[in-house]
**Student:** 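I have a structure here, written as structure tokens, and I will follow up with some questions on it.
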Amino acid sequence: MENVFRYLEFNIKSTQICHTYLKHTSFIKTRSIMKNLFICLLITLVSCTPSKEEKIAVISSKIDGNYVIEDILIETEKDVFISGIVVRNKEDLHPKPVILQHTIYVRDRDVNTLKHAVDKGYIGIITYSRGKYKSPNKIFPYENEATDTYGVIDWISKQKWCNGKVGMYGGSYNGFTQWAATKKLHPALKTIVPAAANRPGNGLPMENNVFINPNYEWAFLVGNNKTLDTVVGNDRQRFRNMQFSWWNSGSAYQKMDSIDGTSNAFFQRWISHPSYDEYWQRMIPYKEEFAKIDIPILTFDGYYNDSQCSNLYFHRQHYKYNKNAENYLIIGAYDHFGSQKGGRKQLRGYQLDENGLINPLEITYQWFDYILKNGQKPIILKEKVNYQVMGTNTWKASSSIDAMRNETLKLFLTASKSGEYFQLVKSQQKELKPLTQTIDFKDTETSNNNNSYPDPIIENELYPTNGYTFISKPFEKDTYISGSFSGELIFSINKKDVDVGVTLFEVLPNGKLFHLSEYIGRASYAKDETTRNLLTPNELFTFPFSNTRLISKKLQKGSRLLVIVDVNRNPFAQLNYGTGKEISEETIKDASEPLKIEWFTDSYIKIPIFKI
């Protein structure tokens with residue numbers, strides 16, 4: 001009986017479409033009226049006659065110029081409803097490929113992106129996360145996207161106006177949802193085009209198992225209502241004050257929302273999963289599941305994208321488990337939004353090369369035409385990895401991220417000074433002298449690892465720190481860094497855990513500092529992100545790190561590399577007191593004994609070099 005009522009509702013709605021269309025159309029000639037009545041009849045037949053498999057309500061419809069715009073509510077499984085918008089060409093009723101966006105962000109401008117898809121010869125659809133827009137369900141960021149996107153695509157594939165091919169695109173959260181859709185790959189999904197994709201659990205709200213704070217206010221932005229709470233979510237001063245109040249109070253990290261004065265259920269939910277456990281793993285493909293992803297993929301990213309480690313995780317894992325993967329990468333000097341929009345001429349004080357700016361949306365539709373319509377491959381895709389070399393005004397291409405380099409420069413830390421900094425040298429010193437760093441967690445007047453974030457990209461001087469700074473000899477000729485730096489830190493501590501930061505700069509011939517890359521990570525998860533393994537106090541520990549920001553840049557002749565090694569301790573991330581207890585529960589009461597860390601000089605970093 002329910003299906004009968006739905007069928008009647010569909011036809012009533014479609015009649016309303018026709019009525020609205022004729023009411024707002026001034027036709028004089030009968031022939032024109034009949035033509036448009038026929039168009040309305042076709043719209044009714046194509047869009048509103050449900051098959052047995054359909055679970056759909058068109059809850060509002062209108063005609064806007066050449067577009068048919070429908071609000072939809074899809075029941076993807078029992079009592080789960082996903083809402084969205086469909087835009088089609090009102091005159092062209094032939095089945096077409098569908099371009100889908102799936103997002104937690106509900107914005108007034110969304111329909112314009114769907115009209116753009118129609119203008120390109122596609123059906124445009126945007127669907128919203130469970131609980132958003134007109135969905136009656138509860139909102140749970142990240143958690144249900146893998147199953148919900150499958151249900152959405154399944155419904156799309158059964159519509160008469162779909163030719164059985166679906167492509168997805170979008171950035172940030174929308175990039176994540178595309179990877180979520182590949183966890184159980186629907187046969188109709190033919191390609192995805194993620195940009196700056198988030199990886200829940202080890203990109204945001206954590207980075208290498210260290211909780212960082214940007215997602216705190218984001219929870220209010222996306223979770224407070226059916227659209228976006230921009231008033232609360234964008235109140236940066238409120239949340240900055242909250243972070244410093246927490247820092248100065250010495251309270252547990254889990255008390256952050258008590259300090260703010262408003263409970264944050266999502267924050268509490270996330271920090272209850274400090275390991276990359278099943279909670280996070282079920283949101284996206286994990287390990288061998290990447291092997292099953294056999295569709296072509298185009299990825300956009302930026303050297304200064306905050307979520308770069310997340311986005312490139314997907315790319316790397318895809319190739320790790322599927323040697324025959326077809327996953328293309330385009331990356332340049334862009335930040336999080338530039339990776340999606342194509343960047344801007346000046347980024348945090350750095351002037352982009354003239355050819356560094358691209359149009360990701362244009363390239364995306366070239367890609368869709370290539371995959372979904374047998375068109376030409378986008379001309380920028382020379383190889384699987386296509387990257388802009390900063391400072392050269394050129395693009396290069398390689399078969400993989402590893403192939404971006406053809407040489408590795410290994411540099412060891414030393415206890416010998418070169419001016420105000422310690423030396424960074426090619427050969428390990430025979431005598432391994434430790435450099436001792438002491439941190440009093442009770443001292444909230446000072447903080448550590450404050451040079452990590454690349455804003456500005458070019459600096460005149462370093463922010464003061466009691467961490468250790470190492471500098472190399474000048475390069476004798478122009479040299480090209482190309483890839484992600486890595487290394488091993490050898491140290492001992494008097495506690496059971498510590499969070500570490502490593503930051504890489506180029507010291508320009510004029511003395512200015514150019515931020516190249518950075519890393520933060522937790523020692524107890526350094527060898528396994530899924531399981532915490534506490535350190536033994538006062539014993540040597542080897543800390544391998546590799547999940548750093550990728551970059552490609554010409555290092556000028558006379559430039560030097562500068563590396564800062566420090567403890568990550570500041571108001572912008574979770575504070576690890578090193579007791580071995582659950583870190584979100586630690587307080588300043590656990591800071592009775594200062595942290596003593598000895599950095600040993602058999603520690604090293606590896607710089608990826610492309611030698612011409």
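Note that this is a predicted model, so its numbers are computed, not measured.
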**Student:** Is there side-chain contact between E145 and M283, with at least one heavy-atom pair below 4.5 Å?
**Tutor:**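 Counting from C-beta outward, E145 and M283 never come under 4.5 Å.
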**Student:** Compare all side-chain heavy atoms of F541 with those of I493 and state whether any distance is below 4.5 angstrom.
**Tutor:** no
**Student:** Within the distance-only criterion (no hydrogens, no angle test), does the side chain of S482 pair as donor or acceptor with the backbone N or O of M404 below 3.5 angstrom?
**Tutor:** yes
**Student:** Examine distances only and state if a side-chain atom of N449 and a backbone atom of R569 form a donor-acceptor pair shorter than 3.5 Å.
**Tutor:**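 Checking the backbone N and O of R569 against the side chain of N449, no donor-acceptor pair under 3.5 Å is found.
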**Student:** Looking at Y304, is its backbone amide N or carbonyl O close enough to the side chain of Q308 to form a donor-acceptor pair, meaning the two atoms are under 3.5 Å apart?
**Tutor:**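 No: the side chain of Q308 does not pair with the backbone of Y304.
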**Student:** Taking the six-membered ring for Trp, are F314 and H318 ring centroids under 6.0 Å apart?
**Tutor:** no
**Student:** Below 30° counts as parallel, above 60° as perpendicular, anything between as tilted: where do the rings of F491 and F543 land?
**Tutor:**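 Rings of F491 and F543: tilted, 30 to 60°.
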**Student:** Quick check against the 3.5 Å criterion: does D497 have a side-chain atom that pairs as donor or acceptor with the backbone of S524?
**Tutor:**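 Judged by distance alone, yes, a pair lies under 3.5 Å.
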**Student:** Which residues satisfy the side-chain hydrogen bond (donor to acceptor under 3.5 Å, both in side chains) test with R522, sequence neighbours excluded?
**Tutor:** D499, Q574
**Student:** Just by distance, do the side chain of Q281 and the backbone of Y276 share a donor-acceptor pair under 3.5 Å?
**Tutor:**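 The answer is yes, because a donor-acceptor pair under 3.5 Å joins these two groups.
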**Student:** Applying ring-ring contact (aromatic ring centres under 6.0 Å, His included), which residue pairs with at least one partner in residues 183-211 are found, sequence neighbours left out?
**Tutor:** Y150-H186
**Student:** Has the side chain of Y334 got a donor or acceptor atom that lies under 3.5 Å from a matching backbone atom of G356?
**Tutor:**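 Side chain of Y334 to backbone of G356, a donor-acceptor pair under 3.5 Å: yes, one is there.
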**Student:** I want to check something: taking the side chain as every heavy atom from C-beta on, are I192 and W179 in contact at a cut-off of under 4.5 Å?
**Tutor:** yes
**Student:** How about Y142 and I284: do any of their side-chain heavy atoms sit closer than 4.5 Å?
**Tutor:** no
**Student:** Can you see whether Y279 engages E143 through a side-chain donor-acceptor pair at a distance of less than 3.5 angstrom?
**Tutor:**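 Note: Y279 and E143 side chains meet the donor-acceptor criterion.
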**Student:** Quick one: which residue pairs count as a ring-ring contact (aromatic ring centres under 6.0 Å, His included) with a foot in residues 501-534, not counting sequence neighbours?
**Tutor:** Y350-F514, F505-H515, Y519-F545
**Student:** Measuring only between side-chain heavy atoms, which start at C-beta, is I330 closer than 4.5 Å to L381?
**Tutor:**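 Counting from C-beta outward, I330 and L381 do come under 4.5 Å.
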**Student:** Between N311 (side chain) and S307 (backbone), is there a donor-acceptor pair under 3.5 Å?
**Tutor:**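 Side chain of N311 to backbone of S307: no pair is present.
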**Student:** Show me, pair by pair, the donor-acceptor contacts under 3.5 angstrom made by side chains of residues 547-561, not counting sequence neighbours?
**Tutor:**
| from | atom 1 | to | atom 2 | distance (Å) |
| --- | --- | --- | --- | --- |
| N547 | ND2 | N208 | OD1 | 2.9 |
| T548 | OG1 | F485 | N | 3.3 |
| T548 | OG1 | F485 | O | 2.6 |
| R549 | NE | E518 | OE2 | 3.4 |
| R549 | NH1 | E207 | OE2 | 2.5 |
| R549 | NH2 | E207 | OE1 | 3.4 |
| R549 | NH2 | D306 | O | 2.7 |
| K553 | NZ | E506 | OE1 | 2.7 |
| S559 | OG | E506 | OE2 | 2.7 |
| S559 | OG | Q556 | O | 3.2 |

**Student:** More than 12 heavy atoms of other residues, nucleotides or ligands under 6.0 Å from OH of Y604: yes or no?
**Tutor:** yes
**Student:** Which residues pass the side-chain hydrogen bond (donor to acceptor under 3.5 Å, both in side chains) test with Y328, sequence neighbours left out?
**Tutor:**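 Partners of Y328 under the side-chain hydrogen bond (donor to acceptor under 3.5 Å, both in side chains) test: K377.
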**Student:** List the atom pairs, donor and acceptor, that lie under 3.5 Å between side-chain atoms in residues 421-432 and the rest of the protein, sequence neighbours left out.
**Tutor:**
| from | atom 1 | to | atom 2 | distance (Å) |
| --- | --- | --- | --- | --- |
| Q423 | NE2 | K417 | O | 3.2 |
| Q429 | NE2 | S416 | OG | 3.2 |

**Student:** Just wondering, do T469 and E420 contact through their side chains at under 4.5 Å, heavy atoms?
**Tutor:** no
**Student:** Is atom NZ of K345 surrounded by more than 12 heavy atoms (other residues, nucleotides or ligands) closer than 6.0 Å?
**Tutor:**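 For K345, atom NZ is not crowded (no more than 12 foreign heavy atoms under 6.0 Å).
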**Student:** Tell me if a side-chain donor or acceptor on S275 pairs with a main-chain N or O of D277 at a distance below 3.5 Å.
**Tutor:**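 Checked: no pair found.
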**Student:** Are I609 and T479 side-chain neighbours, meaning at least one heavy-atom pair lies under 4.5 Å?
**Tutor:** yes
**Student:** Between K190 and P187 (side chain of the first, backbone of the second, donor and acceptor by atom type, cut-off under 3.5 Å), is there such a pair?
**Tutor:** yes
**Student:** Taking C-beta and beyond as the side chain, do I371 and L298 meet within less than 4.5 Å on heavy atoms?
**Tutor:** no
